[in-house]
Amino acid sequence: MSDESGPQPEPIRFYGTTWLNHDGGYGLRRAGTCIGALAAAAAGALVLRFGYEGLAIAKVGGLVNTMVVVAFAVCSALAFRRTWERFGRRPDPAADPHAERSMQSLMMIGFIGALLAYALRTLKEAPGEELHRREYKEAVARYERRTERKGKGRRKR
């Protein structure tokens, strides 16, 4: 681990900084978050099913039923993809902030897809661990180069 004046690892939700050395109950946290995400997705699917049954009881028609199912399926697929991609790269700061806000409603509608992406990624690593590890290693390398140059510069004087 680096000294306190060097770069510090960025905490990940539910994991803190245990992702760095896979200590502090890292494995249990991964198992717990995977089970929790799957349970939340199952509960959400159950709530959606009750909503769909409500549409059937209201006899709104086959077209509306189909549109609701397709809307949730498409939003869930888009939310899954967006969530999965966010584990590997940060959002573009130059991106349109209005587009980001407009995606929030899509992510809320497709919450099951986002939860499934989280659960699947947890089977491999803490969600976002690869990105955080890469950024942390780059920060440590920059810090070491910077301190190495400062040390060499002082010796020459």
Side-chain angles (χ1 to χ4, degrees), residues 1-2 6-143:
M1 204 165 209
S2 65
Q8 298 299 312
E10 183 179 346
I12 297 175
R13 182 183 296 160
F14 303 124
Y15 294 90
T17 57
T18 61
W19 61 267
L20 186 62
N21 297 317
H22 294 185
D23 58 358
Y26 173 81
L28 289 174
R29 289 173 192 237
R30 275 186 50 202
T33 54
C34 181
I35 292 168
L38 288 174
L46 185 64
V47 169
L48 289 178
R49 179 164 183 223
F50 289 148
Y52 183 79
E53 288 177 358
L55 291 174
I57 291 170
K59 297 181 182 172
V60 293
L63 179 63
V64 174
N65 287 341
T66 303
M67 286 175 30
V68 167
V69 169
V70 169
F72 275 104
V74 168
C75 289
S76 289
L78 291 172
F80 180 95
R81 181 173 177 248
R82 185 174 175 83
T83 302
W84 191 266
E85 287 175 351
R86 288 267 173 117
F87 295 141
R89 62 179 166 82
R90 299 242 183 228
D92 183 14
D96 181 19
H98 298 293
E100 190 68 31
R101 279 200 314 252
S102 68
M103 290 296 287
Q104 287 177 346
S105 58
L106 183 134
M107 294 292 286
M108 286 176 43
I109 294 169
F111 68 98
I112 292 177
L115 288 168
L116 291 175
Y118 194 87
L120 286 176
R121 187 57 173 227
T122 304
L123 295 175
K124 177 183 175 196
E125 64 183 6
E129 178 180 341
E130 183 179 336
L131 172 66
H132 284 74
R133 189 172 301 284
R134 183 175 61 242
E135 290 175 348
Y136 178 69
K137 285 181 179 181
E138 290 170 0
V140 167
R142 281 192 308 270
Y143 175 77

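Treat the numbers as computed from the prediction; the structure is a model and nothing was measured.
- For Thr33, the side-chain hydrogen bond (donor to acceptor under 3.5 Å, both in side chains) test picks out Tyr15, with sequence neighbours left out.
- The neighbour count for Arg134 CZ, taken as heavy atoms of other residues, nucleotides or ligands under 6.0 Å away, is above 12.
- To the nearest 0.5 Å, atom CG of residue Leu123 and atom CZ of residue Arg121 are 11.0 Å apart.
- Between Trp84 and Phe87, the ring planes are perpendicular. Angles over 60° get that label, and only those under 30° would be called parallel.
- Atom CE of Met108 has 12 or fewer heavy atoms from other residues, nucleotides or ligands within 6.0 Å.
- Evaluation of the side-chain hydrogen bond (donor to acceptor under 3.5 Å, both in side chains) rule for Glu129 yields His22, Tyr26, Arg133 as partners, not counting sequence neighbours.
- Sorted by first and then second residue, the side-chain hydrogen bond (donor to acceptor under 3.5 Å, both in side chains) pairs involving residues 102-113 (not counting sequence neighbours) form an empty list.
- By the salt bridge (Lys or Arg N to Asp or Glu O under 4.0 Å) test, Arg13 pairs with no residue at all, sequence neighbours left out.
- Nearest heavy atom pair, residue Gly113 against residue Phe80, reads O-CD1, 3.3 Å.
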Could you tabulate the donor-acceptor pairs under 3.5 Å formed by side-chain atoms of residues 42-64, not counting sequence neighbours?
residue: Arg49; atom: NE; partner: Glu53; partner atom: OE2; Å: 3.3
residue: Arg49; atom: NH2; partner: Glu53; partner atom: OE2; Å: 3.4

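- The side-chain hydrogen bond (donor to acceptor under 3.5 Å, both in side chains) test applied to Arg86 returns Glu100, not counting sequence neighbours.
- The two atoms that bring Leu131 and Arg90 nearest to each other are CD2-CG, 3.9 Å, heavy atoms only.
- Residue pairs meeting the side-chain hydrogen bond (donor to acceptor under 3.5 Å, both in side chains) criterion with at least one member in residues 60-79, sequence neighbours excluded, do not occur.
- Taking Glu138 as the reference, nothing meets the salt bridge (Lys or Arg N to Asp or Glu O under 4.0 Å) condition, with sequence neighbours excluded.
- The shortest heavy-atom contact between Pro127 and Ile12 is O-CG2, 3.5 Å.
- Although no hydrogens or angles enter the test, the distance criterion places a donor-acceptor pair under 3.5 Å between the side chain of Arg29 and the main chain of Gly24.
- Closest approach of Leu20 to Pro9, counting heavy atoms only: CD2-CG, 3.8 Å.
- Checked against salt bridge (Lys or Arg N to Asp or Glu O under 4.0 Å), Lys124 has the following partners two or more places apart in sequence or in another chain: Glu130.
- Partners of Arg89 under the salt bridge (Lys or Arg N to Asp or Glu O under 4.0 Å) rule, at least two apart in sequence or in another chain, are Glu85.
- In this structure, Ile35 has no side-chain contact (heavy atoms from CB on, under 4.5 Å) partners at least two apart in sequence or on a different chain.
- Ala79 approaches Ala114 most closely through the heavy-atom pair CB-N, 4.0 Å.
- With values rounded to the nearest 0.5 angstrom, Leu78 atom CG is found 6.5 Å from Met103 atom CE.
- Evaluation of the side-chain contact (heavy atoms from CB on, under 4.5 Å) rule for Ala119 yields Cys34, Ala37, Leu38 as partners, not counting sequence neighbours.
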